[in-house]
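Notes follow the structure.
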Amino acid sequence: QVQLVESGGGLVQAGGSLRLSCAASGRTFSTFTMGWFRQAPGKEREFVAGINWSGGRTYYADSVKGRFTISRDNAKNTVYMQMNSLKPEDTAEYYCAADRAGWIPTSPVSYDYWGQGTQVTVSS
């Protein structure tokens, strides 16, 4: 069992930055692929970024490539997402998720554990 708690969301102006964190419980964190997803009102949950168990592989949605960076610290059981050059269309609830797969799935149905979410609002 893995419990995930996100933090770091907030209100920021367009062009600004935020750093999201996701703290995980459990001794098996380092074996999980971790992903960040987001969901805006009235829209489906979408993949944003993922990182494999070691941190050696990452994958990004085209919409955030070059602006967002996912990383992890297995010693701290935490995954991060640095978000720069934020746009109003980045406004959403952001969720972290954990998956036992050896690759980086982009479908939310592949992930086994989810956090409660943190709101990111980007004003124009």
Side-chain angles (χ1 to χ4, degrees):
Q1 188 77 6
V2 176
Q3 292 185 325
L4 305 173
V5 179
E6 302 95 334
S7 61
L11 173 65
V12 64
Q13 288 188 329
S17 298
L18 284 173
R19 188 194 196 201
L20 304 184
S21 298
C22 174
S25 66
R27 294 176 291 177
T28 59
F29 172 78
S30 62
T31 66
F32 284 87
T33 288
M34 299 298 296
W36 284 100
F37 288 78
R38 66 187 180 187
Q39 188 167 18
K43 295 188 176 182
E44 293 186 350
R45 191 167 296 189
E46 64 173 357
F47 174 83
V48 177
I51 188 166
N52 76 330
W53 66 274
S54 69
R57 293 184 62 188
T58 58
Y59 187 71
Y60 298 91
D62 288 343
S63 58
V64 306
K65 202 172 293 183
R67 299 189 298 123
F68 291 10
T69 302
I70 189 171
S71 61
R72 67 190 296 160
D73 185 338
N74 286 342
K76 295 182 178 180
N77 278 14
T78 303
V79 62
Y80 306 97
M81 186 160 70
Q82 178 68 41
M83 305 187 298
N84 298 329
S85 303
L86 282 161
K87 305 175 181 180
E89 51 263 43
D90 294 317
T91 296
E93 189 83 6
Y94 282 72
Y95 300 88
C96 72
D99 182 38
R100 298 183 183 275
W103 58 94
I104 303 174
T106 59
S107 170
V109 300
S110 297
Y111 287 77
D112 302 301
Y113 304 100
W114 291 86
Q116 83 290 347
T118 185
Q119 177 67 35
V120 171
T121 303
V122 184
S123 63
S124 57

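Remember, predicted model here, so these are calculated numbers, not experimental data. All values below were derived from every heavy atom in this structure, side-chain atoms included, with hydrogens, water molecules and symmetry-related copies excluded. Starting from 1, each residue takes its place in the sequence as its number.
Across every non-hydrogen atom of G9 and V120, the tightest pair is CA-CG2, 4.1 Å. N77 approaches G26 most closely through the heavy-atom pair ND2-O, 2.9 Å. Taking every heavy atom of both residues into account, A24 and V2 meet most closely at CB-CG1, 4.2 Å. Nearest heavy atoms, S107 versus V109: OG-CG2, 3.0 Å. Contact record, P88 with A14: CD-CB, 4.1 Å, taken as the closest heavy-atom pair. Nearest heavy-atom pair, A92 versus Y94, reported as atom, atom and distance to 0.1 Å: O-CD1, 3.3 Å.
Remark: Y95 engages no residue in a ring pair (Phe, Tyr, Trp, His ring centres under 6.0 Å) (not counting sequence neighbours).
Residues I51 and L18 share a single hydrophobic cluster, defined by chaining ILVMFWY side chains whose heavy atoms lie under 4.5 Å apart. Residues L86 and V48 share a single hydrophobic cluster, defined by chaining ILVMFWY side chains whose heavy atoms lie under 4.5 Å apart. Taking hydrophobic clusters as Ile, Leu, Val, Met, Phe, Trp and Tyr residues chained together by side-chain heavy-atom distances below 4.5 Å, I70 does not share a cluster with Y59. In terms of hydrophobic clustering, with Ile, Leu, Val, Met, Phe, Trp and Tyr side chains grouped at heavy-atom distances under 4.5 Å, I104 and L4 are assigned to different clusters. Hydrophobic clustering (ILVMFWY, side-chain heavy atoms < 4.5 Å, transitive): F68 and V122 are in one cluster.
Rounding to the nearest 0.5 Å gives a distance of 10.0 Å between CD of Q1 and CG of D112. If you take CG on L20 and OG1 on T78, they are separated by 12.5 Å, rounding to the nearest 0.5 Å. For the atom pair OG of S124 and CD of E89, the computed distance is 10.0 Å after rounding to the nearest 0.5 Å.
S25 contributes a side-chain N or O that, together with a main-chain N or O of Q3, makes up a donor-acceptor pair within less than 3.5 Å. Between the side chain of N52 and the backbone N or O of G55, at least one donor-acceptor pair lies under 3.5 Å.
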request  = Please assess W114 against F37 for the test side chain to side chain contact (heavy atoms under 4.5 Å, CB included), listing each intermediate value before the final yes or no.
outcome  = CA-CA 10 Å; W114 291 86; F37 288 78; 3.5 Å; yes
Inset, instruction - Report the C-alpha separation of T33 and Y111 in whole Å, then their side-chain angles, then the decisive distance to 0.1 Å, and conclude whether the side chain to side chain contact (heavy atoms under 4.5 Å, CB included) test is met. - result: CA-CA 9 Å; T33 288; Y111 287 77; 4.2 Å; yes
| said: Pair E6, Q116 - check side chain to side chain contact (heavy atoms under 4.5 Å, CB included), show working. | reply: CA-CA 7 Å; E6 302 95 334; Q116 83 290 347; 2.9 Å; yes
| request: Start with the C-alpha distance between V64 and M81, add both sets of side-chain angles, then the distance that settles side chain to side chain contact (heavy atoms under 4.5 Å, CB included), and finish with yes or no. | output: CA-CA 11 Å; V64 306; M81 186 160 70; over 6 Å; no
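The cationic group of R72 lies under 6.0 Å from the six-membered ring centre of F29 and within 45° of the ring axis, placing it in a cation-pi geometry.
Remark: Y113 OH is packed, more than 12 non-hydrogen atoms of other residues, nucleotides or ligands lying under 6.0 Å away. In K65, the NZ atom is crowded: over 12 heavy atoms of neighbouring residues, nucleotides or ligands sit closer than 6.0 Å. Counting heavy atoms of neighbouring residues, nucleotides and ligands inside a 6.0 Å radius, atom CD of Q119 exceeds 12 of them.
Counting only heavy atoms from C-beta outward, the side chains of P108 and Q39 never approach each other to under 4.5 Å.
Salt-bridge check for K87 with D90: failed, with every basic side-chain N at 4.0 Å or more from each acidic carboxylate O.
Of the candidates C96, S21, C22, S21 is the only one forming a side chain to side chain contact (heavy atoms under 4.5 Å, CB included) with Y80.
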